[in-house]
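Chain letters run A, B, ... following the sequence lines, proteins first, then strands; residues in each count from 1. Worth knowing before you read on, the calculation uses all heavy atoms, side chains too, and leaves out hydrogens, waters and symmetry mates. Remember, predicted model here, so these are calculated numbers, not experimental data.
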Number of protein chains: 2
Amino acid sequence: MDTLGFTTHDHGHCIAQALSSAEETCAEQGLQLTAQRRRVLEILLQEHRAMGAYELLDVLRSEGQGAQPPTVYRALDFLVTNGFAHKIERLNAFVACAHPGERHAPAFLICKGCGSVAEMPSRDIARAVREAAAGLAFEVSRMVIEAEGACPSCREARA
Amino acid sequence: MDTLGFTTHDHGHCIAQALSSAEETCAEQGLQLTAQRRRVLEILLQEHRAMGAYELLDVLRSEGQGAQPPTVYRALDFLVTNGFAHKIERLNAFVACAHPGERHAPAFLICKGCGSVAEMPSRDIARAVREAAAGLAFEVSRMVIEAEGACPSCREARA
DNA sequence: CGAATCCTGTTATGTTATAACACAGTGGTG
DNA sequence: CACCACTGTGTTATAACATAACAGGATTCG
């Protein structure tokens, strides 16, 4: 058990589950989860934190691959496009999706104390965004919702 | 009258108003709206769109200043910190604040068709974000809320 | 005056991301 | 089979975004 997303869970299980979910989704939709793409997703799942593209690149290189930036960015593009990972715009970094399979507008909490990132429920937020946009006759296709602040343990440490 | 924020208004007036609002706020709070800072804010107000830091730099240089990147980033840092401008994380770009003076969590609409950016009402969205975060015992200090999609005129053009 | 603070100038560099082109594998079609 | 289209990868180079670090000028205040 590790501490993740501000809570505790069985991380090995969560990795395996996310990977098989991705495989399943790819099979259903005719997408190719190639070795590169799978490896990048695995790294994101294992680390379970927001990682920069060049940080991922370093991991690939440490594994003996002579990888270059486009390799990583292509894999990330695939993963993000198909909902297996998300980009945290505020951090220029990427995380594995915490709810693979469910269609959702991702929303994140970013702790400024410890740098951890968690995905939060976004239903009500997404609705509020669509409503505000509709008021200006704007049609929303994608949202960036990121909140910075203090996670429970950093709040406690601070008090 | 120009078309801005998906609606029409008197742009000269809006620039003058925003500048005097900034001056007033700075006077009240002991902040220095120096020539550089004021000039960057003016450019953002005049262009009334999201601009990259290097785009602003080009404008300054075209005016004969031998400016360097840090000059622009420092001015932007001041403007963003004090609420006179906002950063659009999705675009790595900056816009003048559309509601200077009012304390608010900025929220943006980004049209993928024409690239225009508008600030939208964020009260309900901000509340939804704080509530979702509170459910995870997370304390929010800052939010990034950006919706991508199609603005009214691009929707019409598409139809 | 001297010290502290804030702002600016300047050089260099770090970090993030993509363009462009070559080529290999796969699968369909005549 | 020969051909083509499509998708994915490798590689080189460069674009775009951002900051570190240090020097110096201006202002204020004791």
Whether over 12 other heavy atoms sit under 6.0 Å from E28(A) CD: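 Yes, because the 6.0 Å sphere around CD of E28(A) holds more than 12 heavy atoms from other groups.
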Distance in angstrom units between [X] [atom1] and [N] [atom2], rounded:
X: L60(B); N: dG9(C); atom1: CG; atom2: P; value: 10 Å
X: Q68(B); N: dT13(C); atom1: CD; atom2: C1'; value: 13 Å
X: E55(A); N: dT15(C); atom1: CD; atom2: C1'; value: 12 Å
X: D77(B); N: dC7(C); atom1: CG; atom2: C1'; value: 13 Å
X: N92(B); N: dT15(C); atom1: CG; atom2: P; value: 16 Å
X: Q36(A); N: dG25(C); atom1: CD; atom2: C1'; value: 15 Å

Would you say [N] has OP1 or OP2 under 4.0 Å from some side-chain N or O of [X]?
X: T71(B); N: dT10(C); answer: no
X: R74(B); N: dG9(C); answer: no
X: Q32(B); N: dC6(C); answer: no

Please identify the 5'-most and 3'-most nucleotides of DNA chain D with any atom under 4.0 angstrom from a heavy atom of chain B.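 That gives a stretch of dC17(D) to dA21(D).
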Start with the C-alpha distance between D77(A) and R74(A), add both sets of side-chain angles, then the distance that settles salt bridge (Lys or Arg N to Asp or Glu O under 4.0 Å), and finish with yes or no. CA-CA 5 Å; D77(A) 184 58; R74(A) 284 166 182 157; over 6 Å; no
Using the rule given for salt bridge (Lys or Arg N to Asp or Glu O under 4.0 Å), can you reason through E63(A) versus R39(A), listing the C-alpha separation, both sets of side-chain angles and the distance that settles it, and then say yes or no? CA-CA 11 Å; E63(A) 293 173 351; R39(A) 186 65 199 116; 2.6 Å; yes
Starting at the 5' end of DNA chain C and moving along, which residue's nearest nucleotide shows up first, Y54(B) or L31(B)?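 This one resolves to L31(B).
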Upstream residue (5' side of DNA chain C) when T34(B) and P70(B) are each assigned their closest nucleotide: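 Closest to the 5' end, via its nearest nucleotide, is T34(B).
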H99(B) and H104(B) aromatic ring geometry - parallel, tilted or perpendicular at 30°/60° bounds: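 Aromatic pair H104(B)/H99(B) classed perpendicular.
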Once the angle between the rings of F78(B) and F84(B) is folded into 0 to 90°, is it parallel (under 30°), tilted (30 to 60°) or perpendicular (over 60°)?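 Answer is tilted, since the angle falls between 30° and 60°.
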Less than 3.5 Å apart, which donor and acceptor atoms pair up between the side chains of residues 143-150 of chain A and the rest of the protein, not counting sequence neighbours?
from    : atom 1 : to     : atom 2 : distance (Å)
E146(A) : OE1    : R90(A) : N      : 2.9
E146(A) : OE2    : E89(A) : N      : 2.7
E148(A) : OE1    : R90(A) : NH1    : 2.9
E148(A) : OE2    : R90(A) : NH1    : 2.3

One thing to verify: whether R49(A) and E55(A) come together as a salt bridge, which I'm taking to mean a side-chain N less than 4.0 angstrom from a carboxylate O.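 Here E55(A) pairs with R49(A) in a salt bridge, since their nearest N and O are under 4.0 Å apart.
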